[in-house]
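These numbers come from the heavy atoms of this one structure, side chains and all, not from hydrogens, waters or symmetry mates. Order of the sequence lines fixes the chain letters, A, B, ..., with proteins taken first and strands second; residue numbering starts at 1 for each chain.
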2 protein chains.
Amino acid sequence: MAFTYSYPRAALTVDCVVFGFDEGALKVLLIRRGIEPFKGCWALPGGFVQTDETLDAAARRELQEETGLSEVYQEQLYTFGAIERDPRERVISVAYFALVRRADHIPLAATDAAEAAWFVAETIPSLAFDHAGILEIALNRLRGKIRWQPVGFELMPEKFTLTQFQALYEAILGRTLDKRNFRKKLLALGLLVALEEFTTSESRRPAQLFCFDHSKYQVLTRMGFIFDL
Amino acid sequence: MAFTYSYPRAALTVDCVVFGFDEGALKVLLIRRGIEPFKGCWALPGGFVQTDETLDAAARRELQEETGLSEVYQEQLYTFGAIERDPRERVISVAYFALVRRADHIPLAATDAAEAAWFVAETIPSLAFDHAGILEIALNRLRGKIRWQPVGFELMPEKFTLTQFQALYEAILGRTLDKRNFRKKLLALGLLVALEEFTTSESRRPAQLFCFDHSKYQVLTRMGFIFDL
DNA sequence: TCAAAAGTGTTCTTGATACACCCATGC
DNA sequence: GCATGGGTGTATCAAGAACACTTTTGA
């Protein structure tokens, strides 16, 4: 450790694992790289951190630039620093994961990146750099996290049915859940508001719509409440 | 994103939150800074990442250099990137947390750092940089982690009594636990080996010593077992 | 009238909690 | 013989798991 920081420095990037839920499947947003290395390969959206922005801000900006997404739930995942993870030179990447509503609607204003697309999480093509590993870790984090934090709602539309929500949990956890037990436990949390609205014209019995009560959750959290589903 | 990485780069450091358990209290290892900025202040051990070492390796090396500790349990905690967190220039810090046995024994080969000392976790002096915030996050992580992973054993001597182990949990969680329930649940995990050895000469009834069965834990983990205490 | 998804309660099992006394040792 | 911490079992309560039928709608 010295007064000056004069030795060679690694480059710093952020990469975002963006999850969406659509057609009953958990999906991941990937971009096709327009430049070398790994030109033409699918990769996580991301890019270099500027010196006047925080890591969170860099992740938000890159997501906006490469996919057009903004205002999404986002949190830091892990930092990857294997020496040869970028073939050009030393690059450290701070990975984020993000959750977006309606993976269907936002099919991508690709800008820097040549192309962007949603992939079902179980069938991901091979990825550039160490992105496959990053994705794996993000999936594990998501699986753990939905049990203890109400992040699943970030993947739902504002108004959703209990069946949709259960399908989300089943997709993420990779197993079926008992309908009655799931609804009982979920409603017992007291965090859902039952709307006076129902789905229509899906050629079967209408389902009641609910929305998540963010403010109630915040109040309860301050009182020591812990979400557990 | 461009072919060359020619813009200014942030410096990259690692900082280690080192926990130990001694005299019934959870302790944190701090060093007194020998150089500016914050010269003379207490801070987390840490330093710059070299371009030919991984982040994990940098954390291990800094810990060794500044405190003499090696072969300790260590994992990445979080990466801090607030713009003004270092008064000199932009510095990104990847924080680690480490758990060491016998906080008492290893009272510090200070090298780079002027001085090093253990502090009880509840009474930490004011710290350099944003280290107080890092420590807070590390404590929360530890509190969460001991419930779901057998990391508590990393803070115990190889051979320990159940009472010692319970005291560790009480110190970390900040509340008392029921002795009979704690022991019942702990032993039911089947991960402790009861040794044919007892504590001696502590001027009271000898207590049986146990050790943690790492290999059994690994086998169970591969079978889907999840530690829960 | 049929197909397809929505909606709803009870029983049983399991794990969590609460709780008090005798034991072995050193002084 | 007494103070100190070591060691043990049961009864109650709450939460999780298993499980099947009726309802509403559109075609």
Side-chain angles (χ1 to χ4, degrees), chain A residues 21-25 144 146-148 156-157 159-171 173-211 220 224-229, chain B residues 21-25 144 146-148 156-157 159-171 173-211 220 224-229:
Chain A
F21 183 67
D22 177 36
E23 295 164 347
I146 55 165
R147 306 277 308 273
W148 314 108
M156 290 277 106
K159 302 171 182 180
F160 54 87
T161 68
L162 299 186
T163 301
Q164 280 177 312
F165 193 64
Q166 180 177 341
L168 171 68
Y169 270 65
E170 292 180 337
L173 297 176
R175 62 193 166 92
T176 59
L177 300 171
D178 180 89
K179 181 161 59 158
R180 281 173 290 191
N181 292 337
F182 185 82
R183 291 158 102 97
K184 198 189 323 172
K185 197 168 170 187
L186 178 55
L187 292 173
L189 293 171
L191 291 171
L192 292 191
V193 180
L195 303 172
E196 306 289 312
E197 257 181 282
F198 292 78
T199 56
T200 53
S201 72
E202 289 187 26
S203 73
R204 63 189 68 92
R205 177 173 175 178
Q208 188 166 26
L209 290 166
F210 292 79
C211 70
L220 288 173
F225 168 83
I226 292 178
F227 181 90
D228 171 17
L229 194 61
Chain B
F21 183 68
D22 177 35
E23 295 164 348
I146 53 164
R147 306 277 308 275
W148 314 109
M156 291 276 107
K159 301 171 181 180
F160 54 87
T161 68
L162 299 186
T163 301
Q164 281 178 309
F165 193 64
Q166 181 176 342
L168 170 69
Y169 270 64
E170 292 180 337
L173 297 176
R175 61 193 167 91
T176 59
L177 300 171
D178 180 89
K179 181 163 56 161
R180 279 173 291 191
N181 292 336
F182 184 82
R183 291 158 103 96
K184 196 190 323 173
K185 197 168 168 186
L186 177 56
L187 292 173
L189 292 171
L191 291 171
L192 292 190
V193 180
L195 304 172
E196 305 290 311
E197 255 180 286
F198 292 79
T199 56
T200 54
S201 72
E202 290 186 23
S203 73
R204 63 189 68 90
R205 175 174 176 176
Q208 188 165 25
L209 290 166
F210 292 80
C211 70
L220 288 173
F225 169 82
I226 292 179
F227 182 90
D228 171 16
L229 194 61

Peer 1: Measuring from atom OG1 of A:T161 to atom CD of A:E197, what distance do you get when rounded to the nearest 0.5 angstrom?
Peer 2: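 A:T161 OG1 to A:E197 CD: 12.5 Å, rounded to 0.5 Å.
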Peer 1: Where do A:L162 and A:L192 land on the side-chain contact (heavy atoms from CB on, under 4.5 Å) test, with the steps shown first?
Peer 2: CA-CA 10 Å; A:L162 299 186; A:L192 292 191; 3.7 Å; yes
Peer 1: Mind calculating the distance between CZ (A:R175) and C1' (D:dG16) to the nearest angstrom?
Peer 2: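 Result: 12 Å.
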Peer 1: Please test A:L220 against A:F227 for side-chain contact (heavy atoms from CB on, under 4.5 Å), starting from the C-alpha separation and ending with a verdict.
Peer 2: CA-CA 9 Å; A:L220 288 173; A:F227 181 90; over 6 Å; no
Peer 1: Quick one: closest heavy-atom pair of A:R183 and A:T163, and the distance?
Peer 2: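 In terms of heavy atoms, the two residues are closest at NH1-OG1, 3.5 Å.
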Peer 1: Once you round it to whole Å, what is the distance between P of D:dA18 and CZ of A:R183?
Peer 2: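 The distance from CZ of A:R183 to P of D:dA18 comes to 18 Å, rounded to the nearest Å.
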Peer 1: Side-chain N or O of B:T163 less than 4.0 angstrom from OP1 or OP2 on D:dG6?
Peer 2: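 Checking D:dG6 against B:T163, a side-chain N or O does come within under 4.0 Å of OP1 or OP2.
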Peer 1: Taking five pairs at each end of the helix from C:dT1-D:dA27 to C:dC27-D:dG1, what angle separates the two helix axes (nearest 10°)?
Peer 2: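 Inter-axis angle at the termini of the helix from C:dT1-D:dA27 to C:dC27-D:dG1: 0°.
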Peer 1: Sugar-phosphate atoms are those with a prime plus P, OP1 and OP2; base atoms are the rest. Using that split, label each nucleotide of nucleotides 19-27 of chain D B, S or - for protein heavy atoms under 4.0 Å, 5' to 3'.
Peer 2: BB--BBBS-
Peer 1: Nearest whole angstrom, please: distance from the P of C:dG7 to the CG of A:L192.
Peer 2: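 After rounding, the reported distance stands at 13 Å.
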Peer 1: Is A:E170 reaching over with its side chain to a backbone N or O of A:L177, donor-acceptor style, under 3.5 angstrom?
Peer 2: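 It does hold such a pair.
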Peer 1: Given A:L195 and A:F210, is the side-chain contact (heavy atoms from CB on, under 4.5 Å) satisfied, shown in steps?
Peer 2: CA-CA 5 Å; A:L195 303 172; A:F210 292 79; 5.6 Å; no
Peer 1: Counting distance only, does the side-chain N/O of A:Q208 pair as donor-acceptor with the main-chain N or O of A:A194 below 3.5 Å?
Peer 2: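 It does not hold such a pair.
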Peer 1: B:T176 and B:Q166: side-chain contact (heavy atoms from CB on, under 4.5 Å), yes or no, with the steps?
Peer 2: CA-CA 9 Å; B:T176 59; B:Q166 181 176 342; over 6 Å; no
Peer 1: Grab the CD-P distance between A:Q164 and C:dG7 for me, whole Å please.
Peer 2: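 Going from CD in A:Q164 over to P in C:dG7 covers 11 Å.
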Peer 1: Check A:M156 against A:F21 and note the closest heavy-atom contact, atom names and distance.
Peer 2: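 Closest approach of A:M156 to A:F21: CE-CD2, 3.6 Å.
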Peer 1: Take the protein atom CZ of A:F182 and the nucleotide atom P of D:dA15, then report the distance between them rounded to whole Å.
Peer 2: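 Going from A:F182 (CZ) to D:dA15 (P), I get 18 Å.
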Peer 1: How many Å lie between CZ on A:F198 and P on C:dA5, as a whole number?
Peer 2: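 That distance rounds to 19 Å.
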Peer 1: Write down the distance between CD (A:Q166) and C1' (C:dA5), rounded to a whole number of angstrom.
Peer 2: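 Computing the A:Q166:CD to C:dA5:C1' distance gives 12 Å.
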Peer 1: Between A:F210 (CZ) and C:dA6 (P), how many Å, whole number?
Peer 2: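 These atoms are roughly 12 Å apart.
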